Amino acid sequence: MKMKFDICKNYDEMSKHAAKIFADLIKEKPNAVLGLATGSTPEGMYDELSGAELDFSSIKTVNLDEYYPISPYNENSYRYFMNKHLFSRVNVKIENTYVPNGSAADPEKECKEYDELIEKLGGIDLQVLGIGPNGHIGFNEPGSELFSNTHVTALTESTIAANSRFFDNISDVPTKALTMGMSSILSAKKIVLLISGKVKHNALKALLNDKITPNVPATFLKLHRDVTVICDTDAYNG
Ligand code: PGA
């Protein structure tokens with residue numbers, strides 16, 4: 001099954017289109033399990049969802065990744081990001097929102113339990129993803145091997161550099177992360193991949209053919225039967 005590409009004229013249109021896919025699911029399945037992501041890309045979508053008067057009271061959410069080690073109260077933690085951009089703005093029950101625990105004493109155990117949790121919830125109905133300029137998904141960075149399940153990983157220098165814009169100092173960026181692996185991600189029933197901006201053009205181009213390579217982890221999404229890439233013209237045309 002080929003990936004579907006929806007090309008939007010700009011970031012705003014992309015965000016609205018993605019939000020509608022989530023809104024439609026929430027209306028159709030009020031107890032859906034939503035797979036969520038952080039980063040600049042989905043912020044507009046979360047704004048749309050927050051303003052849409054949807055009922056999140058039975059919704060469960062599972063986030064893709066988290067820095068390690070990091071406190072959930074640290075403003076740069078992905079837990080903090082989610083609380084700020086979505087959870088505090090809708091009527092989701094905070095105990096139904098899951099983000100890998102960046103302060104877990106035993107990170108390997110946390111990862112194993114995270115996959116078990118996703119399974120116990122009945123799997124992810126709809127997963128939103130961003131993509132790195134290098135084609136990473138979550139913290140699944142380019143490499144000769146990819147881990148399939150949720151795991152602890154070292155951040156690459158390029159990701160540390162890209163994410164340092166949020167920190168006072170590059171040395172403050174955590175050097176590790178807990179991330180869902182490609183097979184945890186591929187087990188979602190439906191996937192929406194958001195791609196915005198010229199800086200993501202090369203990553204997007206790698207999705208337009210049928211080649212799958214660990215050098216561009218996002219190409220593994222070609223194995224999934226229901227992926228919609230929602231991009232803006234800047235990302236598509238470069
Ligand atoms: P961004 O990050 O949305 O901030 O560009 C996406 C990613 O690196 O996965």
Side-chain angles (χ1 to χ4, degrees), residues 8 10-19 22 34-49 62-68 70 74-82 84-86 99-100 102 124 127-143 146-147 150-151 153-167 170 172-182 184-186 188 191-207 214-221 227-236 238:
C8 300
N10 54 34
Y11 177 81
D12 195 44
E13 199 181 284
M14 179 194 80
S15 302
K16 288 194 166 80
H17 182 35
F22 271 87
L34 310 182
L36 301 179
T38 54
S40 316
T41 311
E43 274 185 33
M45 184 188 88
Y46 294 143
D47 283 345
E48 292 293 329
L49 289 173
V62 179
N63 261 76
L64 194 59
D65 52 10
E66 178 61 284
Y67 289 118
Y68 189 85
I70 200 160
N74 184 314
E75 289 186 16
N76 284 307
S77 74
Y78 290 173
R79 163 53 78 179
Y80 191 97
F81 175 103
M82 289 310 304
K84 178 173 164 192
H85 290 281
L86 185 68
V99 179
I124 294 169
Q127 174 73 53
V128 66
L129 299 171
I131 189 170
N134 65 0
H136 74 204
I137 294 288
F139 282 111
N140 294 281
E141 300 282 5
L146 290 174
F147 286 90
T150 302
H151 58 280
T153 188
L155 270 55
T156 59
E157 273 178 36
S158 70
T159 296
I160 292 175
N163 293 9
S164 66
R165 68 190 192 273
F166 301 111
F167 292 79
I170 193 162
D172 293 338
V173 185
T175 54
K176 290 184 187 168
L178 313 179
T179 184
M180 277 165 55
M182 290 314 295
S184 323
I185 294 165
L186 287 169
I191 295 174
V192 165
L193 171 60
L194 305 183
I195 314 184
S196 169
K198 289 182 192 299
V199 71
K200 305 285 176 72
H201 178 63
N202 282 341
L204 189 151
K205 249 179 23 194
L207 303 176
N215 294 331
V216 185
T219 59
F220 280 84
L221 299 173
V227 178
T228 303
V229 178
I230 306 179
C231 59
D232 58 18
T233 46
D234 276 354
Y236 196 78

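Every value quoted in this text rests on a predicted model; they were computed, and no experiment measured them. In listed order, ligands and their atoms are each counted from 1. All values below were derived from every heavy atom in this structure, side-chain atoms included, with hydrogens, water molecules and symmetry-related copies excluded.
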Nearest protein heavy-atom contact for [atom]: which residue, which atom, what distance?
atom: atom 6 (C) of ligand 1; value: I131 O, 3.5 Å
atom: atom 3 (O) of ligand 1; value: T41 OG1, 2.4 Å
atom: atom 4 (O) of ligand 1; value: S40 N, 2.9 Å
atom: atom 9 (O) of ligand 1; value: H136 NE2, 3.2 Å
atom: atom 5 (O) of ligand 1; value: K200 NZ, 2.8 Å

**Message:** Only heavy atoms of G39, strictly under 4.0 Å: list the atoms of ligand 1 that pass.
**Reply:**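 Answer, ordered by atom number: 3 (O), 4 (O).
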**Enumerated ligand 1 atoms positioned under 4.0 Å from heavy atoms of R165** =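 In order of number, 4 (O).
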Any donor-acceptor pair under 3.5 Å from [X] side chain to [Y] backbone:
X: S15; Y: Y11; answer: yes
X: N10; Y: T233; answer: no
X: E66; Y: Y78; answer: yes

**Message:** One residue to check: E43. Relative to ligand 1, which of side chain, backbone, both or neither has a non-hydrogen atom less than 4.0 Å away?
**Reply:**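 E43 to ligand 1: no contact under 4.0 Å from either part.
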**Asked** Just checking, any donor-acceptor pair under 3.5 angstrom between side chains of T38 and R79?
**Response**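 The criterion, which ignores hydrogens and geometry beyond distance, is not satisfied for R79 and T38.
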**Prompt:** What is the distance from atom CG of L155 to atom OG of S164, rounded to the nearest 0.5 Å?
**Reply:**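 That separation rounds to 11.0 Å.
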**Prompt:** Can you say whether the rings of F139 and Y67 are parallel (under 30°), tilted (30 to 60°) or perpendicular (over 60°)?
**Reply:**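 Because their plane-to-plane angle lies in the 30° to 60° range, the rings of F139 and Y67 count as tilted.
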